[in-house]
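Comments concern the structure below.
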Amino acid sequence: MIQLSQQTLDLLDEIERRIDPESEEAMETQWHDFLYDRFEGDIFQPYRKKISSSALNIPHVNINDAIADYDRMLLAQLQLVSGALNSRNQNLCVRANYGTGILSSLFGAEIFVMPREMDTLPTTRAIGDTERIRELVERGMPDLMGGFGRQVFEFSELCAEVFRKYPNIHRYVTVYHPDTQGPLDICELLWGCEMFYAMYEEPELVHGMMQLLTDTYTAFMKKWFEIFPVTSEMNVHWASIRHRGTILLRDDSAMNLSPELYEEFAAPYDGALLERFDGGAVHFCGRGDHYIETLCKTPKLYGINMSQPELNNMEKIWANTVDKGIKVLAFPHGWAKKDVSRPNGYRHQLSI
């Protein structure tokens, strides 16, 4: 194990002391009741009975420092846990925080680190060359330890080793799965906007790439779950979400597709992953009302997380989610009150 800094050790010790098992178990029970339809209110928000603030004065860790150093990454993630302990409703959780380009980097996409002053996560540059995409499909599965893969797995192993020494942290702080996006998002990250043309001009190549990405996602997550085994009963994602199933897919690129293209090029691969990993939730930014009906027919889809409700016909969203027993998770607070008076409200299926 690497030598941890004194700041990191001090924060670990303090978090271990500040965790109140009774409060955290009550939070878990509240979430479990919501996810398994025992919540009877209109809008769900968990409530931590006991909060505490940190007595330490540890400076913020710039994300560029965190991605370059495992100790800095752990310290940055523990600072989030420390903040959550002083909140009424945030989950105690950390992740290998290497941005959206983790899986695209396995295929050789160039990693792009943002300027330090932006203090935001890295990504990858699109290859933008259909012939190179064809070569990737022919080559098959990449090395899972390539690109950001090594950092993700080595950091996760560090967390597993360190947390075992702290009983409260080991029990109540979740190391949730990294930002592995979803097949469609990874495809656009790799291919660039040429992917959309190829859906019309070379659909078989797009399907070939999507299948390869689905297979790679499966292999990557299997390796991840060997380090952090989970059940599909309830899992954490971000400080604001718990969901049934084991994975949270991202479908941001789907906002650019027609319902027909979504049904052909995205739904089968998302569905295969939800089936393979015993369910989960799907996140999307932007507009999703045009494909929400197809999305919500996916077996083992237990929840969605969306941003920008102002860009959506929310009645279409509600009709295909809460009205069908599919949870809407971490919905924007300001919008949650708007439709609570609709017939049958949110049917006890909305969390903020």
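Given the structure is predicted, the values throughout are model-derived calculations rather than measurements.
- In this structure, a donor-acceptor pair under 3.5 Å is absent between the side chains of Q308 and N312.
- Without hydrogens or angle criteria, N320 side chain to K316 main chain gives a donor-acceptor distance under 3.5 Å.
- The side-chain heavy atoms of F107 and R139, taken from C-beta on, include no pair separated by under 4.5 Å.
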Decide yes or no on salt bridge (charged side-chain N to carboxylate O under 4.0 Å, His left out) for R134 and E138, but give the supporting numbers first. CA-CA 6 Å; R134 199 184 316 278; E138 292 173 356; 5.6 Å; no
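- A salt bridge does not link E226 with K222: none of the charged nitrogens is closer than 4.0 Å to a carboxylate oxygen.
- At most 12 heavy atoms of other shown residues, nucleotides or ligands fall within 6.0 angstrom of atom CD in Q3.
- Using a distance-only test at 3.5 Å, with no hydrogens or angles considered, a donor-acceptor pair links the side chain of N168 to the main chain of E16.
- One finds no salt bridge joining E135 and R132 here, because no Lys/Arg side-chain nitrogen approaches an Asp/Glu carboxylate oxygen to under 4.0 Å.
- Summarising the geometry of S232 relative to T246, their closest heavy-atom pair is CA-CG2, 3.8 Å, with the distance given to 0.1 Å.
- The two residues A109 and L190 have their closest heavy-atom pair at CB-CD2, 3.9 Å.
- At least one side-chain heavy atom of H207 sits less than 4.5 Å from a side-chain heavy atom of E264.
- Ring pair W31/F34 is perpendicular by interplanar angle, where above 60° counts as perpendicular and below 30° as parallel.
- Of the charged side-chain nitrogens involved, none lies within less than 4.0 Å of a carboxylate oxygen, so that E24 and R171 do not count as a salt-bridged pair.
- Put simply, the side chain of D119 never gets that close to the backbone of N62: no donor and acceptor are under 3.5 Å apart.
- In the model, S54 has a side-chain atom that pairs as donor or acceptor with a side-chain atom of E14 under 3.5 Å.
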Apply ring pair (Phe, Tyr, Trp, His ring centres under 6.0 Å) to residues W318 and F331 and explain how you reach the verdict. CA-CA 12 Å; W318 302 134; F331 193 67; 5.2 Å; yes
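- Separation of atoms CZ (F163) and CG (L74) is listed at 5.5 Å; rounding is to 0.5 Å.
- Distance alone, capped at 3.5 Å, is enough to place a donor-acceptor pair between the N91 side chain and the I241 backbone.
- Note that OG of S87 and OH of Y47 are 11.0 Å apart. Values are rounded to the nearest 0.5 Å.
- Note on F284 and L248: separate hydrophobic clusters, where clusters join Ile, Leu, Val, Met, Phe, Trp and Tyr whose side-chain heavy atoms are under 4.5 Å apart, directly or indirectly.
- Taking the six-membered ring where tryptophan is involved, the planes of H237 and Y176 are perpendicular, since the angle between them exceeds 60° and thus also 30°.
- A donor-acceptor pair is defined here as one N or O able to donate and one able to accept, closer than 3.5 Å; no such pair exists between the side chain of R125 and the backbone of I111.
- Heavy atoms of other residues, nucleotides or ligands lying less than 6.0 angstrom from NZ of K337 number 12 at most.
- Using a 30° and 60° split on the angle between ring planes, F153 and F220 fall in the tilted class, from 30° to 60°.
- In this structure, CZ on R150 lies 4.0 Å from CE on M145, to the nearest 0.5 angstrom.
- The main-chain N or O of Q45 is never found under 3.5 Å from a side-chain atom of S351 such that the two would form a donor-acceptor pair.
- Salt bridge K50/E22: absent, no basic N to carboxylate O contact under 4.0 Å.
- For E293, the CD atom is loosely surrounded, since the number of other residues' heavy atoms within 6.0 Å does not exceed 12.
- Minimum interatomic distance between R72 and A66 (heavy atoms only, all atoms of both residues): CB-CA, 3.8 Å.
- Side-chain atoms of N97 and F155, non-hydrogen and from C-beta on, never get closer than 4.5 Å to each other.
- With hydrogens and angles disregarded, a donor-acceptor distance shorter than 3.5 Å links the side chain of S105 to the backbone of F148.
- Within 6.0 Å of OH in Y36 there are more than 12 heavy atoms belonging to other residues, nucleotides or ligands.
- Residues D179 and Y98 fail the side-chain proximity criterion, which asks for heavy atoms closer than 4.5 Å.
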Let's go through E194 and F196 carefully: what are the C-alpha distance in whole Å and the side-chain angles of both, what is the deciding distance for side chain to side chain contact (heavy atoms under 4.5 Å, CB included) to 0.1 Å, and is it a yes or a no? CA-CA 5 Å; E194 289 83 358; F196 299 106; over 6 Å; no
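- The shortest distance between side-chain heavy atoms of E188 and N256 falls below 4.5 Å.
- Within a 6.0 Å radius of CE in M114, other residues, nucleotides and ligands contribute more than 12 heavy atoms.
- Formation of a donor-acceptor pair under 3.5 Å by the D289 side chain with backbone atoms of N313 is found in this model.
- With hydrogens and angles ignored, the 3.5 Å screen pairs no side-chain donor or acceptor of H348 with any backbone N or O of D42.
- Rounding to the nearest 0.5 Å gives a distance of 10.5 Å between OG1 of T180 and CG of D185.
- In this structure, NZ in K300 is found 4.0 Å from CD in E275, a value given to the nearest 0.5 Å.
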Check the pair R242 / H32 against side-chain hydrogen bond (donor to acceptor under 3.5 Å, both in side chains), numbers first and verdict last. CA-CA 9 Å; R242 298 193 191 210; H32 200 275; over 6 Å; no
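- In terms of modelled atom types and a separation under 3.5 Å, the side chain of Y346 and the main chain of G41 share no donor-acceptor contact.
- Under the 4.5 Å side-chain heavy-atom criterion for Ile, Leu, Val, Met, Phe, Trp and Tyr, I58 and L80 are members of distinct hydrophobic clusters.
- By the 4.0 Å N-to-carboxylate-O rule, R276 lies too far from D215 to be salt-bridged with it.
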Would you please test I15 and L78 for side chain to side chain contact (heavy atoms under 4.5 Å, CB included) and show each step? CA-CA 8 Å; I15 288 172; L78 289 172; 4.0 Å; yes
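- The two residues M221 and F277 have their closest heavy-atom pair at CB-CZ, 3.5 Å.
- In this structure the side chain of M27 never reaches within 4.5 angstrom of the side chain of Y172, judged on heavy atoms.
- Sparse packing is recorded around CD of E263, with 12 or fewer heavy atoms of other residues, nucleotides or ligands lying under 6.0 Å away.
- With rounding to the nearest 0.5 angstrom, the CD atom of E260 is 8.5 Å from the OG1 atom of T294.
- There is no path of hydrophobic side-chain contacts, each under 4.5 Å, that joins L295 to L311.
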Full working for side chain to side chain contact (heavy atoms under 4.5 Å, CB included) between I247 and L274: CA-CA 7 Å; I247 59 174; L274 289 170; 4.2 Å; yes
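- Side-chain contact check for S82 and R18: at least one donor-acceptor pair (N or O, by modelled atom type) lies under 3.5 Å.
- Contact check for V173 versus I19: side-chain heavy atoms found under the 4.5 Å cut-off.
- A 4.5 Å side-chain heavy-atom check between L103 and Q181 finds every atom pair outside the cut-off.
- Hydrophobic clustering (side-chain heavy atoms under 4.5 Å, transitive across Ile, Leu, Val, Met, Phe, Trp, Tyr) keeps W191 apart from F112.
- With N305 as reference, H283 is the one residue of H283, R250, H243 to meet the side-chain hydrogen bond (donor to acceptor under 3.5 Å, both in side chains) rule.
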Please walk me through it: do D270 and T298 pass side chain to side chain contact (heavy atoms under 4.5 Å, CB included)? CA-CA 8 Å; D270 288 346; T298 308; 5.6 Å; no
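- No single ILVMFWY cluster, assembled from side-chain heavy atoms under 4.5 Å apart, contains both L189 and M209.
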